[in-house]
Amino acid sequence: MQPVPSPSSSGMNLKSIIPPGLTLTHRVSSTRLIIQAVHRFDSASTHTSVNTSTNGSAAAAPVPNASTGKLSLNVSGHVGANRADWQSSCAILASKVVSQQQDTETSGCTGGNITAVNGHKASLDLIPIDNLPKPLSIADLSPAPMHGSKLRVAYQGVPGAYSEAAAGKAYPNCEAIPCDQFEVAFQAVELWIADRAVLPVENSLGGSIHRNYDLLLRHRLHIVGEVQLPVHHCLLALPGVRKEYLSRVISHPQALAQCEHTLTKMGLNVAREAVDDTAGAAEFVAANNHRDTAAIASARAAELYGLSILEDGIQDDSSNVTRFVMLAREPIIPRTDRPFKTSIVFAHDKGTSVLFKVLSAFAFRNISLTKIESRPHRNRPIRLVDDANVGTAKHFEYMFYVDFEASMAEVRAQNALAEVQEFTSFLRVLGSYPMDMTPWCPSGGE
């Protein structure tokens, strides 16, 4: 006996598998396909008839024919134990193909609606593909910045704050998102509400903003750039109010410190109160109609909240500049084709005794430091040292923040940090980013 091909293989020619002596006759009607296979054996003549409807359902038990005494076998689509059963199964498969082709041709004449599925008459109401909801992706949560799309930038304060101006300078045409606290701006980026955050870290007159240095260590955002913004303070009040009528001045603590000497020279006998931000102070005066209160804020805040400028440029130093850093969820790739700056933070179990060694690692490779800042170690603020002669000494533990002018793509920077890591118990790169190289101009306006 020759090998029998699988009945489920595609492209099967039914005639090629019919052995000699087998006569195949078929009759196709609109609803029923009847296939009869007749094969004569030496012992006896047997007539096997397979009757199947268009859905291919049939009984598995042989049924005797009363007129001829022959067996009529209904097969349910599986290969039987003998050749006749197997040949009948092949015929059933062929009948399904013929039946479905006829149904397809019929449906094509009626407008293309699906009228049969696997031989069953059916009517399906299909939903257009264009109307189906698409699955969400990362791009839906935070669209990547593209040409024509606005970048969402979080800042601390209200519209009119210097941080808003810094966000506009760092990312022109961005969508600025105000936040009431510095930490909220960090969380806005971490939760994909914003793409970037622009926050101040130091001022040329007031020094470092320690709160943001602590938040840089607490959160896992990366510094991807910096921007330096000249600060131009104005004394604002409600329209018609004169300086002689003022009893208090409110603003951000940094702004009050930056205008302290100028306010004294103006001869104002006023109380000075700190609020969350400069533009918030202007908004407070305008919203509550305080005619005895002035605010220190920008000229843009006066325009937004309908206040008058009593005095322009009241900062103690015209070279008043605030440095802002841009934060993102992912770091940028360092480059060497333009000036880069790298910010790190480190600590050591033995206190400040290794600071000289760390600084030597940069000096040996001609890497210039632009900033070094120490902050108390929050997890271990005091270190105890026992000495048998003098007793127990208590030393403060510090975290050191360092900025240096080099890109992490440079070999000298990589070698310097490798050496620093040998002397420290903790080292983290906050970011390697392009330096702000915009031309310098004193604060004569925004």
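A quick note: this is a predicted structure, and the numbers were derived from the prediction, not measured.
- Judged by distance alone, the side chains of Tyr433 and Ser343 do bring a donor and an acceptor atom under 3.5 Å apart.
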Determine, stepwise, if the pair Val429 / Leu417 fulfils side-chain contact (heavy atoms from CB on, under 4.5 Å). CA-CA 9 Å; Val429 178; Leu417 290 190; 3.8 Å; yes
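- Summarising the geometry, atom CG belonging to Leu215 is positioned 8.0 Å from atom CG belonging to Leu199; distances are rounded to the nearest 0.5 Å.
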Using the rule given for side chain to side chain donor-acceptor pair (under 3.5 Å), can you reason through His219 versus Gln187, listing the C-alpha separation, both sets of side-chain angles and the distance that settles it, and then say yes or no? CA-CA 9 Å; His219 296 268; Gln187 294 174 349; 5.3 Å; no
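- Looking at heavy atoms from C-beta onward, Leu327 lies in side-chain contact with Leu216 at the 4.5 angstrom threshold.
- Leu307 has its side chain within reach of Leu238: a pair of non-hydrogen atoms, C-beta onward, lies under 4.5 Å apart.
- One finds the CD atom of Glu273 at 11.5 Å from the OG atom of Ser251 (value rounded to the nearest 0.5 Å).
- A distance of 6.0 Å or more separates the ring centres of Phe426 and Phe346.
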Passes salt bridge (Lys or Arg N to Asp or Glu O under 4.0 Å), Arg300 versus Glu164? Steps please. CA-CA 10 Å; Arg300 171 172 164 75; Glu164 183 193 34; 3.3 Å; yes
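- For the atom pair CD of Glu226 and CE of Met435, the computed distance is 6.0 Å after rounding to the nearest 0.5 Å.
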Derivation and outcome, side chain to side chain donor-acceptor pair (under 3.5 Å), residues Gln258 and Asn320: CA-CA 8 Å; Gln258 295 165 11; Asn320 185 8; 2.9 Å; yes
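- When each of Lys371, Glu202, Arg323 is tested with Ser208 by the rule side-chain hydrogen bond (donor to acceptor under 3.5 Å, both in side chains), just one qualifies, namely Lys371.
- With rounding to the nearest 0.5 Å, the separation of CD in Gln156 from NE2 in His252 is 6.0 Å.
- A salt bridge is defined here as a Lys NZ or Arg NE, NH1 or NH2 lying under 4.0 Å from an Asp or Glu carboxylate O, and Glu419 with Arg365 meets this definition.
- Salt bridge absent: Glu190 and Arg329 never bring a charged side-chain N and a carboxylate O closer than 4.0 Å.
- You'll find the ring centres of His233 and Tyr162 inside the 6.0 Å limit.
- Counting heavy atoms from C-beta outward, Leu355 and His348 have side chains that stay 4.5 Å or more apart.
- Here the straight-line distance linking atom CG of Leu430 with atom CG of Leu221 works out to 10.5 Å at 0.5 Å rounding.
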Given side-chain contact (heavy atoms from CB on, under 4.5 Å), test Phe364 with Leu359 step by step and report yes or no. CA-CA 9 Å; Phe364 178 74; Leu359 299 181; over 6 Å; no
Chi angles and distances behind the salt bridge (Lys or Arg N to Asp or Glu O under 4.0 Å) call for Arg218, Glu183: CA-CA 10 Å; Arg218 180 182 304 176; Glu183 188 161 14; 3.5 Å; yes
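- Checked by atom type and distance alone, the side chain of Thr342 never pairs as donor or acceptor with a backbone atom of Ser432 at under 3.5 Å.
- You'll find the side chain of Val201 stays beyond 4.5 Å of the side chain of Ile209, heavy atoms only.
- Although no hydrogens or angles enter the test, the distance criterion places no donor-acceptor pair under 3.5 Å between the side chain of Arg335 and the main chain of Ser407.
- Checked for salt-bridge contact, Glu422 and Lys357 miss the test: no charged N lies under 4.0 Å from a carboxylate O.
- Remark: of the listed residues Ile250, Leu263, Leu236, Leu263 is the sole one forming a side chain to side chain contact (heavy atoms under 4.5 Å, CB included) with Ile296.
- Side-chain contact between Pro159 and Tyr305: present, with at least one pair of heavy atoms (C-beta onward) separated by less than 4.5 Å.
- Atom OG in Ser247 sits 10.0 Å away from atom NE2 in His290 (nearest 0.5 Å).
- Residues Leu369 and Phe362 form a side-chain contact, since some pair of their non-hydrogen atoms from C-beta on lies under 4.5 Å apart.
- Side-chain contact between Glu373 and Phe400: absent, with no pair of heavy atoms (C-beta onward) separated by less than 4.5 Å.
- Between Asp195 and Arg152 a salt bridge is recorded (basic side-chain N to carboxylate O distance below 4.0 Å).
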Chi angles and distances behind the salt bridge (Lys or Arg N to Asp or Glu O under 4.0 Å) call for Asp292, Arg248: CA-CA 7 Å; Asp292 62 338; Arg248 65 172 176 170; 5.0 Å; no
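- A heavy-atom distance below 4.5 Å is not found between the side chains of Asp436 and Phe324.
- Judged by distance alone, with hydrogens and angles left aside, the side-chain atoms of Gln421 form no donor-acceptor pair with the main-chain N or O of Ala418 at under 3.5 Å.
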